[in-house]
Amino acid sequence: MSAAEGPDREIKERPFGFWRRSYAMLVKEFIQLRRDRVSFAMIVMIPVMQLLLFGYAINTTPRHLPTAVLLQEDSDLGRSILKALENTSYFQFTHEVHSVAEFDSLLLSGKVLFGVEIPRGFERAVRRGDRPALLVAADATDPVAAGSALGALGTTMQTALQHDLFVGDPPSLPFEIRAHARYNPAASSRLNIVPGLVGTILTMTMLIFTALSVTREIERGTMENLLSMPITPVEVMLGKIVPYVLVGFIQATLIIGIGVGLFGVPVQGSLLLLALLSTLFITTNLSIGYTFSTIVQNQLQAMQLSMMFFLPSILLSGFMFPFAGMPVWAQYIGEGLPLTHYIRIVRAIMLKGAVLENLRYDAIALAVLMLLAMIIAVSRFRRTLD
């Protein structure tokens with residue numbers, strides 16, 4: 001018996017068999033991708049979102065920054081100086097205060113990034129040639145936002161006022177501009193980045209932990225057992241969230257401890273207040289992650305949706321780029337992100353020594369976002385029970 005007729009003879013390969021099988025697998029994957037609408041949406045939305053955010057929302061040279069003015073005398077020269085500052089396009093006067101305490105409070109709360117003080121008797125001192133000081137205070141917790149405006153302050157002011165008053169050749173200002181960068185006078189980037197990293201890391205980990213919680217139950221087949229138990233949706237949510245609150249608190253403590261011990265980041269404010277508001281932020285992110293877990297159908301979709309939320313959070317929160325430099329529509333989106341408010345809180349407490357009164361708006365915003373996420377999560381989970 002020949003080798004061709006033996007039991008071990010090779011089965012003859014059909015023509016183009018390799019290409020037929022490869023084509024069949026290709027068609028199968030496209031059909032599966034079409035059925036997985038969440039994954040398909042991520043493929044389209046993530047690059048589009050990145051392009052739009054980087055193209056329209058991100059600006060590393062912010063303009064029209066919120067500024068407070070303490071005008072201790074109403075004079076023609078004072079009004080000319082304020083107009084010249086506005087003409088530089090760096091400053092936009094949003095608050096007029098009447099005391100140093102109110103001036104400091106606005107800077108401390110982050111409602112303004114700059115404060116301009118024109119002291120009493122300023123114009124008379126200029127007329128006498130005494131070169132009085134124009135005081136400009138800057139919130140330097142974000143060195144990028146404050147640095148460009150302070151760096152151009154002298155030149156732009158001189159150019160703006162050169163037709164109004166100058167002395168000497170070349171012309172020079174008849175007064176001194178005394179700029180004071182508060183809270184981070186050395187413009188150290190680590191003082192800005194390390195507090196922001198606390199919120200960024202917590203956002204990423206807390207979202208992923210809870211976004212996978214319910215989907216893991218579904219994929220493992222234990223959701224039926226959970227639904228058969230005499231338990232309410234609120235009790236399920238609390239049982240899923242509370243353990244990770246402790247995990248998030250340990251993470252926050254670790255990051256802040258390393259930042260203080262290794263990078264020299266100060267903690268000027270109350271550690272208790274920082275702990276309480278950090279717990280609120282952690283719970284808010286856990287609630288949002290839990291909401292995601294009630295929307296998606298598997299763990300892959302949960303990861304994708306978490307990343308979809310995390311991307312605008314790091315770009316529009318003021319962590320990587322100055323928040324004040326973004327267009328208005330991007331700032332509105334940023335105000336709806338928990339990370340935006342927490343970055344303001346953690347930087348204000350650690351670098352400025354802010355108290356709860358200064359952080360009231362951001363604390364209330366976090367609480368509202370947490371309640372909204374919880375309501376949506378419970379309502380969607382109740383539909384699952386029904």
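In this chain, numbering begins with 1 at the start of the sequence shown. What you see is a predicted model; the values in this text were computed from it and never measured. The figures here come from the full heavy-atom set of this structure, side chains too, leaving out hydrogens, waters and symmetry mates.
The one candidate from I345, T283, N285, L277 that meets the side-chain contact (heavy atoms from CB on, under 4.5 Å) condition with L366 is I345.
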In sequence, state the C-alpha distance, the side-chain angles, and the governing distance for R79 and D76, and then conclude on side-chain contact (heavy atoms from CB on, under 4.5 Å). CA-CA 5 Å; R79 288 190 293 271; D76 293 337; 2.4 Å; yes

Would you check, one step at a time, whether the test side-chain contact (heavy atoms from CB on, under 4.5 Å) holds for L85 with Y90? CA-CA 7 Å; L85 285 172; Y90 284 108; over 6 Å; no

side-chain contact (heavy atoms from CB on, under 4.5 Å) between N358 and S105, intermediate numbers included: CA-CA 7 Å; N358 306 126; S105 177; 3.9 Å; yes

Does the side-chain contact (heavy atoms from CB on, under 4.5 Å) test come out yes or no for H180 and R178, once each step is laid out? CA-CA 7 Å; H180 181 205; R178 193 170 297 168; over 6 Å; no

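In this structure a side-chain-to-backbone donor-acceptor pair under 3.5 Å is missing from T284 to L369. In this structure, E176 contributes its side chain and R131 its backbone to no donor-acceptor pair below 3.5 Å. At distances below 3.5 Å, not a single donor-acceptor pair connects side-chain atoms of T340 with backbone N or O atoms of G336.
Taking a 6.0 Å sphere around CZ of R360, one finds it holds 12 or fewer heavy atoms contributed by other residues, nucleotides or ligands.
For the pair T291 and A377, the tightest heavy-atom approach, listed with the atom from each and the gap, is OG1-CB, 3.4 Å. Of all heavy-atom pairs spanning L191 and G264, the tightest one is CD2-O, 4.2 Å. Across all their heavy atoms, P195 and V346 have their closest contact at O-CG1, 3.3 Å. Closest non-hydrogen pair, A211 versus A302, comes out as O-CB, 3.3 Å.
Using bins of under 30°, 30° to 60° and over 60° for the plane-to-plane angle, the ring pair F281/Y342 lands in the parallel bin. F309 and F292 have perpendicular rings, their planes meeting at more than 60° on a 0 to 90° scale where under 30° would count as parallel.
Each side-chain hydrogen bond (donor to acceptor under 3.5 Å, both in side chains) pair with one or both residues in residues 247-276, not counting sequence neighbours, appears once here: T205-Q251. Judged as a side-chain hydrogen bond (donor to acceptor under 3.5 Å, both in side chains), the pairs with a partner in residues 116-125 (not counting sequence neighbours) are, in order, Q72-E117, S75-E123, E123-R127. Listed by first then second residue, pairs satisfying side-chain hydrogen bond (donor to acceptor under 3.5 Å, both in side chains) with a partner in residues 343-356 read D139-K352, N192-R347, E335-R344, R344-D362, not counting sequence neighbours.
To the nearest 0.5 angstrom, L316 atom CG is 7.0 Å from W329 atom CH2. Annotation: the span from E102 atom CD to D104 atom CG amounts to 10.5 Å, rounded to 0.5 Å. Between atom NE2 of residue H98 and atom CG of residue L70 there is a gap of 9.0 Å, rounded to the nearest 0.5 Å.
Residues Y361 and H341 bring their aromatic ring centres within 6.0 Å.
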